[in-house]
Peer 1: 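Provided herewith is a single structure, encoded as structure tokens, for subsequent inquiry.
Numbered from 1 within each chain, the chains take letters A, B, ... in sequence-line order.
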Amino acid sequence: MLDLEAALTQGTLGLINGAFYAMLSLGLAVIFGLLNIVNFAHGALYMLGAFVAWGLLTFLGLGYFPALILAPLIVGAIGILLERTVLKPLYKLDHLYGLLATFGVALILEGVLRNEFGVSGMPYAVPPDLRGVVDLGYMFLPRYRGWVVLVSLLVCLGTWYMIEKTRLGAYLRAATENPALVQAFGINVPVMITLTYGFGVALAGLSGVLAAPIYSVNPNMGSSLIIVVFAVVVIGGMGSILGSIITGFALGFIEGMTKVVYPEASTTVVFIIMAIVLLIKPAGLFGRA
Amino acid sequence: MAKVMLEVAGLEAWYGESHILHGVSLEVREGEVVTMLGRNGAGKTTTMKSIMGMVGKRTGSIKYQGTETIGLGSNKIARLGIAICPEERGIFSSLNVEENLLLPPVVQAGGLSVERIFTLFPNLKERLKSQGTKLSGGEQQMLAIARILRTGARLLLLDEPTEGLAPVIIQQIGATIRALKEEGFTILLVEQNFRFASTVADRHYVMEHGKIVDMIPNDRIDAEMDKLHEYLGV
Ligand SMILES: Nc1ncnc2c1ncn2[C@@H]1O[C@H](COP(=O)(O)OP(=O)(O)O)[C@@H](O)[C@H]1O
Ligand SMILES: [Mg+2]
């Protein structure tokens, strides 16, 4: 007999993972849309966001809320530097080069931080204002986890709105289709590409800060997560904004439910769904073929 | 005589290794409508793209209102006041009609207001929320012209705006071009159909194998008909 309350509880907790899937796959989608690059450095930059938050606290005494603003800015700036130096020369070549280059960047970042800090991980305390639990009726949800879902929802919807409903977003969508023509209308497309990469990467940095109090800060936190995130991207459809948000949250929820229904499958359910989606709709649930 | 708006001299252009333009020279004066006629593959589109800065490798001289633009990127050239309506129209499928219309940023004062644009192209007003590429071919062409009228650009490059359209739509586009001339726009127009060209233009350049080989004022077009037939192979 299926315990509905337990399933709902696990589903809700799964939404927290889903929040990270959504934000990370959203960044990947934004980057892939305009740059046509599969950003394999995404997980490492998420990890870097957590490290920056930890560093801000440890070395500068800056707490969680300043880090929530500063760490994405710092990671975004690093992303901009990366785009200018490593990615820019690769646009004329096959996609594979961008993928390999960003994969290399990820290995370097993770390797360096592993050497410095080891793999055991450093704790990052939940900010005092966000401690405690809230009663949802069917479960007690740690307030910090609720906060993560809320922030992620706001950031995802804000990004969606910006891309689909604003003038800036129209430039972005148009440049995704025909960059040469957008440039010939007077827009500096290369700058737009740089800033877009910076923004996508900043989303990863923000996710890293949000993650720090939940999963401790360690150099491998990105590489384990990013594999699931790539599955999410494949399921949602490469480059689809709304698709990555919905798929991210939905898969987190499904993963959580699976823990109750069939615990053995909880870590593989995402990949099973991916395989099914690839068979039925290879462009992804929200992708344009 | 009106002042020279666009002056192209000794323009050469390449796509990768293939050398396409071999010394194109032409000029367009303020307020003129000038066409480039020529067979398929003569280099008309490449000339338009070179003027707009959209061809990677180009040499020679392209002056717009006296400013040398040969070394400028296309976004800088656009900001000087040149706008292109490309041969393939370039309507964006991920943008609706309104977004397509408002996409090109205003580069100078003096562009047409959106209301004025709707009096020229009433169809567009009813389709604002439709996906750009859901419009008919004629409507897409209208949209591609309409969106560059807002920006304040004074020189319009129209690349085969009548290509593949029904006669009644072609007439409408002819009327639009004459209206734009009345508004004071300067227009460089690529055409295959010289009968249409003769209804809108002041002068015609003939292009062959990447070079301008002749210039025919519109009032001489009847007298030069035999020569034109030969150039265009009709
Ligand atoms: N992107 C391109 N790459 C390589 N060659 C091209 C490209 N576009 C056009 N060409 C070649 O350049 C020549 C001139 O083409 P184009 O300027 O489009 O001619 P037109 O507009 O007069 O029909 C043709 O031989 C065409 O095959
Ligand atoms: Mg052409």
Peer 1: Compare every heavy atom of M54(B) with every heavy atom of A184(A), then report the nearest pair and how far apart it is.
Peer 2: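 For A184(A) and M54(B), the tightest heavy-atom pair comes out as CB-SD, 3.7 Å.
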Peer 1: Would the number of heavy atoms belonging to other residues, nucleotides or ligands and lying under 6.0 Å from OH of Y97(A) be above 12?
Peer 2: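 Counting other residues, nucleotides and ligands, OH of Y97(A) stays at 12 neighbours or fewer.
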Peer 1: Of the listed residues (P86(B), G90(B), G73(B), P105(B)), which shares the most heavy-atom pairs with chain A below a 4.5 Å separation?
Peer 2: P105(B)
Peer 1: Check each atom of I91(B) against the heavy atoms of chain A and say whether the ones under 4.5 Å are side chain, backbone, both or neither.
Peer 2: backbone
Peer 1: What are the two closest heavy atoms between A174(A) and L95(B), and how far apart are they?
Peer 2: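 That would be N-CD1, 3.9 Å.
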Peer 1: What's the shortest heavy-atom distance between Q183(A) and S74(B), and which atoms?
Peer 2: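 Result for this residue pair: CG-OG, 2.8 Å.
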Peer 1: Between T176(A) and F92(B), is there a side-chain heavy-atom distance shorter than 4.5 Å?
Peer 2: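 No, side chains not in contact.
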Peer 1: Does atom NZ of K125(B) have more than 12 heavy-atom neighbours, drawn from other residues, nucleotides or ligands, at distances under 6.0 Å?
Peer 2: no
Peer 1: For Y161(A), I'd like to know if atom OH has over 12 heavy atoms of other residues, nucleotides or ligands within 6.0 Å.
Peer 2: no
Peer 1: Would I84(B) and L181(A) count as a side-chain contact (heavy atoms from CB on, under 4.5 Å) here? Give the steps.
Peer 2: CA-CA 9 Å; I84(B) 192 165; L181(A) 186 57; 4.1 Å; yes
Peer 1: Test side-chain contact (heavy atoms from CB on, under 4.5 Å) on F185(A) and I148(B); report intermediate values, then the result.
Peer 2: CA-CA 8 Å; F185(A) 285 149; I148(B) 59 173; 3.9 Å; yes
Peer 1: Under a 4.5 Å heavy-atom cutoff, which of G53(B), G132(B), A78(B), A153(B) has the most pairs with chain A?
Peer 2: A78(B)
Peer 1: Tell me if the OH atom of Y91(A) is crowded by more than 12 foreign heavy atoms within 6.0 Å.
Peer 2: yes
Peer 1: Is the number of heavy atoms from other residues, nucleotides or ligands under 6.0 Å of K281(A) NZ greater than 12?
Peer 2: yes
Peer 1: For H209(B), I'd like to know if atom NE2 has over 12 heavy atoms of other residues, nucleotides or ligands within 6.0 Å.
Peer 2: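 Open: at most 12 neighbouring heavy atoms sit under 6.0 Å from NE2 of H209(B).
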Peer 1: Can N75(B) and I187(A) be said to form a side-chain contact (heavy atoms from CB on, under 4.5 Å), step by step?
Peer 2: CA-CA 6 Å; N75(B) 57 322; I187(A) 310 282; 5.8 Å; no
Peer 1: Rounded at 0.5 Å granularity, tell me how far OG in S94(B) sits from CG in L172(A).
Peer 2: 9.5 Å
Peer 1: At a 4.5 Å cut-off on heavy atoms, which part of S93(B) comes close to chain A: side chain, backbone, both, or neither?
Peer 2: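 For S93(B), backbone and side chain are both near chain A.
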Peer 1: Any salt bridge linking E99(B) with R173(A)? Criterion: basic side-chain nitrogen under 4.0 Å from a carboxylate oxygen.
Peer 2: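 Salt bridge flag = yes for R173(A) with E99(B).
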